[in-house]
Protein chains: 4
Amino acid sequence: MPEKTAKNHDVTEKSTINHRTIVGQNRRTKTRTRIIEGALQVFAEKGPDAPVIDDFIQASGIARGTFYNYFDNTAELLSATSDWLADDVANAIEAEVSRIKNPVVRHGVAIRLFMKKAQSEPTWCRFIATIWFQKGFAIDGPMRDIQLGIDSGDLSCPSAECGWDLTFGTLRQVMIRLLKQPELIKTDYVDQIIDTILIGLGVTSTLRKEIFSYEWPKLRPTKTLARI
Amino acid sequence: MPEKTAKNHDVTEKSTINHRTIVGQNRRTKTRTRIIEGALQVFAEKGPDAPVIDDFIQASGIARGTFYNYFDNTAELLSATSDWLADDVANAIEAEVSRIKNPVVRHGVAIRLFMKKAQSEPTWCRFIATIWFQKGFAIDGPMRDIQLGIDSGDLSCPSAECGWDLTFGTLRQVMIRLLKQPELIKTDYVDQIIDTILIGLGVTSTLRKEIFSYEWPKLRPTKTLARI
Amino acid sequence: MPEKTAKNHDVTEKSTINHRTIVGQNRRTKTRTRIIEGALQVFAEKGPDAPVIDDFIQASGIARGTFYNYFDNTAELLSATSDWLADDVANAIEAEVSRIKNPVVRHGVAIRLFMKKAQSEPTWCRFIATIWFQKGFAIDGPMRDIQLGIDSGDLSCPSAECGWDLTFGTLRQVMIRLLKQPELIKTDYVDQIIDTILIGLGVTSTLRKEIFSYEWPKLRPTKTLARI
Amino acid sequence: MPEKTAKNHDVTEKSTINHRTIVGQNRRTKTRTRIIEGALQVFAEKGPDAPVIDDFIQASGIARGTFYNYFDNTAELLSATSDWLADDVANAIEAEVSRIKNPVVRHGVAIRLFMKKAQSEPTWCRFIATIWFQKGFAIDGPMRDIQLGIDSGDLSCPSAECGWDLTFGTLRQVMIRLLKQPELIKTDYVDQIIDTILIGLGVTSTLRKEIFSYEWPKLRPTKTLARI
DNA sequence: AATGAATGAGAGTTCATTCAT
DNA sequence: GATGAATGAACTCTCATTCAT
């Protein structure tokens, strides 16, 4: 009816509605981002189960009810936080290593980058080590590269699963160690253990040298939470 | 209390009291054992944080109030359960490997035994993989053996910590995989990955052959909870 | 507000404002109607207390804030819905029975019409049976007719209240039964019980025959919500 | 084990356990009774949906958590309260009318008793009128008696359902009226309307006289909540 | 007038802990 | 020492209401 009787208002009204919609969406995105940013800290500090709703609303400065406008419970928030993080780390690393052709070198550089991030961002490190692995969230790039390495004969481990367990099982343990012994962060402990892993995977010393000769720009810090 | 008041009594009565005391202690031990037996199951199923007192009293068939006669809270129970388990596994493995002289072979056989247990006792495996490692409970035999191996030149890894992280980080990941893919239990996946670990540690093929040539009796099952 | 400010404007502007005012009022009426239409369904389904604001805005497709432009709370909406319904049913029945001169026959035909509506419109029936009676909303035509019947000697019940309780208490129970046993709708259960009521009221068989000999057009369905 | 080592304690211990069990059960019964007693008041005052847990725990003077040791939610409490009440009223009336042989007289006397109770116990009356009927809780004595009356030819209504709707639909409406107009309680309004109902059911004046000639002791008051 | 994100009081529910028996 | 009913603090979740756009 309004469309008919107030034809001259159509444009105004329509644009108003569009404007409102856009404003509303921006607001929602911003709030969602705030909640996840806060949640990352909270989960990293308290683990996956201990936090209560109050922790999240305090960390993000929102109202109790607002939380439930975005997530049904803490499990869902954990999942959203993890998803975002998986996306973030996969993209950040992928962006750096995609130009490397040899899958074994690519894998080696990728896990070096992965650990660099762990060394420079303790919150991220704690979240990954204590929550991500435990909940079984996964990224598939490494699995693929290990398989390619086996196929090409550059890796000698019995299976891709075997290689994956050796790589990430060890790295997780290292991350836990870094959290407890932060003095190790500045040492070359991480590179030593990565070398040990690569030896276990059967990587030749030539390739290992190549892996450790790479220089790279720092990965963009997670804090940004640019995409959502 | 009985110890004090007993002093005023004659022989007959004293022996009665002693008898009562002994009976009471047996009873205490038995109840404590029941609680820990139940707790092992509960923790393995639900993880370290989720369980509530009710889970424990149901699992062990005791009354609500009785729980508090033995433990102040679930954290204490978790700790007691873990302690018992650490003791149990350390003793069981130690008993088998102590006669092996070479520390590297001893280490290799020890972790094979460790994983045999994981393969044959799922509850134990789940508890170790999800709780023990997370809470950082430790056994020191392996650390010592790795160090001895480095000192003797039979291991080439940069440090004992490095060797420990590689070994147990990987094994933990394997245990998690076994829980998710039980069909792997019957395969030689575990021995393959142990071999890969040993390669990573720089163990010669001669020593590796020795490690895999060992035959042993099954470790006594944990269920017994003999000592407490 | 517009009425006041309009005074200071010239004719052209005034008519524009009038136009706007009229458009606005139409819009208001339409929205109000939408809300009440939705509310009728909601109340019938969930009863008077259970519904929450969300139910109403979903049923009518309006925004959360819009609701409060029309009603302060659900109680007010319930009242408005009931008022509208009372008006509707009273008018609809009145239009049919006003030409009948004998008050007892008029009462008899009126309650037959009332129940016809209940039989053909389940939502209406549910609303009336579960909410209207409970909240004590009333229509006075029947009360007047029963009194007139007593005065004329065509009814033998002790008092008008007594007749009213017998009539509408029973009819309400029948409506509840129809909701539970919809298979009765197509039977003559309703006419049988109306006959039983009339016997209780002391109506002669002659008058009862007259009441049941009436033919009528279906009452206009409530859905229209024509007036507001 | 204790059974063996402390044979002489068997009796003592067993009796202790029995004693404890009995004491515990008594306690439970007492608390459950307290809750239902309070709930009856609360439901009668506020209806079936409005009350919150706090109302119940205040009315019965128990702790918040205790409520949940007995009922999972208010709906369950409502059901328990209604069940108890149905039992109570059915038994109380049955005890009085069972000696009456003629089912029609029995029905008539039963509903007189029913309404006596409504007149003397306002809480009971309010609960029955606003909750019981609404929730469709039923007692089957009356239904049976009406059917027997139809079979014997002492009732002329078309079906037992019809008779039931007329009887209890009307009585419910009367109860609601009594709550609003308590001044009617002392009048013979109730007996008048019962007579009107009986006329509707086709009861002869002889039988109606018999029904109204009965004298009875007051029904035991509900408050007691003797059985549970 | 319409919108819908944000709010926070209040309701429901859990569960560690106490204590009389 | 064992029991389990009672407790209430702490937590989760709902939903009426406000208000900037």
Side-chain angles (χ1 to χ4, degrees), chain A residues 2 6 9 13 16-17 19-32 51-55 57 61-74, chain B residues 20 23-25 27-28 30-32 51-57 62-75, chain C residues 20 23-25 27-28 30-32 51-57 61-75, chain D residues 2 9 13 16-17 19-32 51-55 57 61-74:
Chain A
H9 291 308
E13 189 148 83
T16 303
I17 286 170
H19 180 241
R20 264 209 295 263
T21 307
I22 290 166
V23 168
Q25 282 178 348
N26 281 346
R27 212 170 163 194
R28 271 194 83 78
T29 304
K30 257 180 91 178
T31 305
R32 194 168 195 273
V52 297
I53 302 287
D54 248 64
D55 295 325
I57 70 175
I62 56 161
R64 182 164 285 275
T66 304
F67 178 89
Y68 288 97
N69 288 338
Y70 292 88
F71 302 98
D72 278 350
N73 44 55
T74 61
Chain B
R20 274 193 201 149
V23 168
Q25 282 178 347
R27 210 177 175 187
R28 252 197 99 73
K30 247 191 116 182
T31 306
R32 196 168 193 273
V52 297
I53 302 284
D54 242 67
D55 295 325
F56 298 118
I57 68 174
I62 58 161
R64 182 164 287 272
T66 305
F67 179 89
Y68 289 94
N69 289 334
Y70 293 88
F71 302 97
D72 278 352
N73 46 53
T74 61
Chain C
R20 274 192 201 148
V23 168
Q25 281 178 346
R27 212 177 173 185
R28 253 195 101 72
K30 247 191 116 180
T31 306
R32 196 168 193 274
V52 297
I53 302 285
D54 242 67
D55 295 325
F56 299 117
I57 69 174
I62 58 161
R64 183 165 287 273
T66 304
F67 179 88
Y68 288 94
N69 289 335
Y70 293 89
F71 303 97
D72 278 351
N73 46 54
T74 61
Chain D
H9 292 307
E13 190 149 82
T16 303
I17 287 170
H19 180 242
R20 264 210 294 265
T21 307
I22 290 166
V23 168
Q25 281 177 348
N26 282 346
R27 213 169 163 195
R28 270 194 84 77
T29 304
K30 255 180 93 177
T31 305
R32 196 169 192 272
V52 297
I53 304 286
D54 248 64
D55 295 325
I57 69 174
I62 57 161
R64 183 163 282 275
T66 304
F67 178 87
Y68 288 96
N69 288 339
Y70 292 88
F71 303 97
D72 279 349
N73 46 53
T74 61

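First the proteins, then the strands, lettered A, B, ... as listed; each starts at 1. In this text the structure is predicted, and so the values were computed from the model without any measurement.
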Taking only the side-chain heavy atoms of [X] (C-beta and beyond), determine which of [options] contains the nearest atom.
| X | options | answer |
| --- | --- | --- |
| A/R28 | E/dA5, F/dA2, F/dA5 | E/dA5 |
| A/T31 | E/dA6, F/dC15, F/dC11 | E/dA6 |
| C/I62 | F/dT7, E/dT3, E/dA6 | E/dT3 |
| D/Y68 | E/dA1, F/dA6, E/dG12 | E/dG12 |

(request) Would you write the dot-bracket representation of DNA chain F, where each base gets (, ), [, ], | or . depending on whether it forms a Watson-Crick or G-U pair under 3.5 Å and with which partner? (result) .||||||||||||||||||||

To the nearest angstrom, how far is [X] atom [atom1] from [N] atom [atom2]?
| X | N | atom1 | atom2 | value |
| --- | --- | --- | --- | --- |
| C/N73 | F/dT18 | CG | P | 11 Å |
| D/D55 | E/dG10 | CG | P | 14 Å |
| A/N26 | F/dA20 | CG | P | 19 Å |
| D/Y70 | E/dG12 | OH | P | 20 Å |
| B/I57 | E/dT18 | CD1 | P | 15 Å |
| C/N69 | E/dG4 | CG | P | 13 Å |
| B/I53 | F/dT7 | CD1 | C1' | 15 Å |
| C/F71 | F/dT18 | CZ | C1' | 19 Å |

(message) Within the structure provided, determine whether B/N73 and B/Y68 are in side-chain contact (heavy-atom separation under 4.5 Å).
(response)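 B/N73 does not reach B/Y68 side chain to side chain.
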
(request) Without swapping roles, check the side chain of A/T66 against the backbone of A/I62 for a donor-acceptor pair under 3.5 Å. (result) no

(message) Which is more 5' along DNA chain E, the nucleotide nearest D/P51 or the one nearest D/R27? Just name the residue.
(response) D/P51

(message) Quick check: on DNA chain E, is the nucleotide nearest C/G65 upstream (toward 5') of the one nearest B/V52, or the reverse? Name the residue that is more 5'.
(response)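 First, find each residue's nearest nucleotide; the 5'-ward one identifies C/G65.
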
(request) Can you see which heavy atom on C/I57 is nearest to which on C/F67, and at what distance? (result)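 Closest pair (atom of C/I57, atom of C/F67, distance): CG2-CB, 4.2 Å.
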
(message) When you measure from the centre of the six-membered ring of D/Y70, is the NZ or CZ of D/R28 closer than 6.0 Å and no more than 45° off the axis?
(response)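 Yes, cation above the ring, under 6.0 Å and within 45°.
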
(message) Can you work out whether D/A63 or B/F67 has the more 5'-proximal nearest nucleotide on DNA chain F?
(response)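 Here B/F67 is the residue nearer the 5' end.
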
(request) Take D/G61 and A/T66, find for each the nucleotide of DNA chain F with the closest heavy atom, and name the residue whose nucleotide sits nearer the 5' end. (result)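 Whichever sits nearer the 5' end wins; that is D/G61.
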
